[in-house]
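Below is one structure, written out as structure tokens; comments come after it.
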Number of protein chains: 2
Amino acid sequence: MQHTIARIKSVYPLSEDRLQQFTGMLEAVELKKGHLLFREGKTCRDLYFLEKGIARAYCSTGDSHLTFWFGTEGDFLMSFNGYVNNSAGYETIELLEDALLYKVPVAELEHLYQTDLQFANWGRKLTEKELIQTEERFISRQFKTATERYKALMEEAPGLLRRVQLGYIASYLGITQVTLSRIRAELK
Amino acid sequence: MQHTIARIKSVYPLSEDRLQQFTGMLEAVELKKGHLLFREGKTCRDLYFLEKGIARAYCSTGDSHLTFWFGTEGDFLMSFNGYVNNSAGYETIELLEDALLYKVPVAELEHLYQTDLQFANWGRKLTEKELIQTEERFISRQFKTATERYKALMEEAPGLLRRVQLGYIASYLGITQVTLSRIRAELK
DNA sequence: CCTAAAATTTTACAAATGATAAAAATTATT
DNA sequence: AATAATTTTTATCATTTGTAAAATTTTAGG
């Protein structure tokens, strides 16, 4: 449970009993590669921490899938848009390796938020950090060329390139797999 | 103060005295078109509500500016990245019209977050809503062609196109002004 | 109303990326 | 190890978008 606990702690300092309380609510789930944790159009009100494994989130566009997020050990997965809009999410989350996750219903978290100041601030900080990550990715998308984005990804997350097939990486970078191949050939 | 109050209320329900307390902390500021509220590289720890006027946020890329956000009546402005990372922000915010704003130091807000459950949850919801907006824009950027994005903007924010010059709109859409002109010519 | 400045559109050409198909390389399965 | 399935690369051509410069339109100030 180390990655999950480290993540929870890193978000915002919780007292020891609150940390106990939180981890006590978590249910371990083992799932196989290929499993879909969320499905677009379906409601899912659970938050997962990814203790082991790797996952991607994608949206469907007519024929193809568009990967817009990767998560690895210590990351958490939830449908923010489904939760905030109280609707079905627009993303599907697929496990790309056999995985160990810890699960908690968002309703239970919400209850903590409504009743406990520390948890409410924990939830705020969780969202704030997620927000600036998304914002930074958004801006880097606008700023940088495809080649620069690929280089940056290699530096920031070299493990990703080893664990995830290039078609998904290309989609994540906003280019076709053919273009990514060209970029890789150029960089050799 | 109507837009500002409406915005505060829409984020998360606050009791009447908390609303009073909040609005009592706000300081009215009138500023001229062209004024820079935030400057990239500088620290600014204020939150502003835009009561009247229109603003854009941009980053510098070598020679040119990249507009990545517009705000109008009822929107709020702050440097989330500067605040969360406790660093200087990477964005500049420029007023595109003479404006009336209400200002509050983030430190005062933070104090409310740390001491009051309702405010802590208000801050959480504020961030959650901002997050899904950013996420949706990020995905729509990847999904849609430049033409589709322009059409969507025309529908969602027709006022923007009347109030903001096209060079900024083009940048916001992630294309050059020439490309935007071509798109507009096609749509005629 | 006139002029100067700024913003927008148009044009011509160059560069980047996409689409498609096929070949090569890698991985999984028997 | 051999075969099949999947993934990645390569090649070709079409399309989109960018760059630069000029022409036009709009805006702001006197």
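In what follows, every heavy atom counts, from backbone to side chain, and hydrogens, waters and symmetry copies are set aside. A note on names: the letters A, B, ... follow the listed sequences, proteins ahead of strands, and every chain is numbered from 1.
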When you measure from the side chain of [X], which nucleotide among [options] comes out closest?
X       : options                   : value
V178(A) : dA20(D), dA11(D), dT8(C)  : dA11(D)
Q177(A) : dT9(C), dT8(D), dA19(C)   : dT8(D)
S181(B) : dT8(D), dG18(C), dT9(C)   : dT9(C)
R182(A) : dA20(D), dG18(C), dG18(D) : dG18(C)
T179(B) : dT17(D), dG18(C), dT10(D) : dT17(D)

Inset, instruction - May I ask you to test the F76(B)-Y48(B) pair for a side-chain heavy-atom distance under 4.5 Å? - result: no
Between [atom2] of [N] and [atom1] of [X], the distance in whole Å:
X       : N       : atom1 : atom2 : result
L166(A) : dT7(D)  : CG    : C1'   : 8 Å
R163(A) : dT27(C) : CZ    : P     : 16 Å
I175(B) : dT17(D) : CD1   : C1'   : 9 Å
Q165(A) : dA25(C) : CD    : C1'   : 15 Å
I183(A) : dG18(C) : CD1   : P     : 9 Å
L187(A) : dT9(D)  : CG    : P     : 11 Å
K33(B)  : dA6(C)  : NZ    : C1'   : 11 Å
R184(A) : dT7(D)  : CZ    : P     : 15 Å

Legend entry - Crowding at CD, E30(A) (>12 non-hydrogen neighbours, <6.0 Å): no
Inset, instruction - Applying ring pair (Phe, Tyr, Trp, His ring centres under 6.0 Å), name anything that partners F49(B), two or more places apart in sequence or on another chain. - result: none
Inset, instruction - Between L180(B) and Y168(A), name the one whose nearest nucleotide on DNA chain D is closer to the 5' end. - result: Y168(A)
Inset, instruction - State plainly whether the residues E94(A) and R56(A) are in salt-bridge range, i.e. N to O under 4.0 Å. - result: yes
Legend entry - Cation-aromatic face contact K125(B)/Y83(A), 6.0 Å, 45 degrees: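 Satisfied, under 6.0 Å and within 45°.
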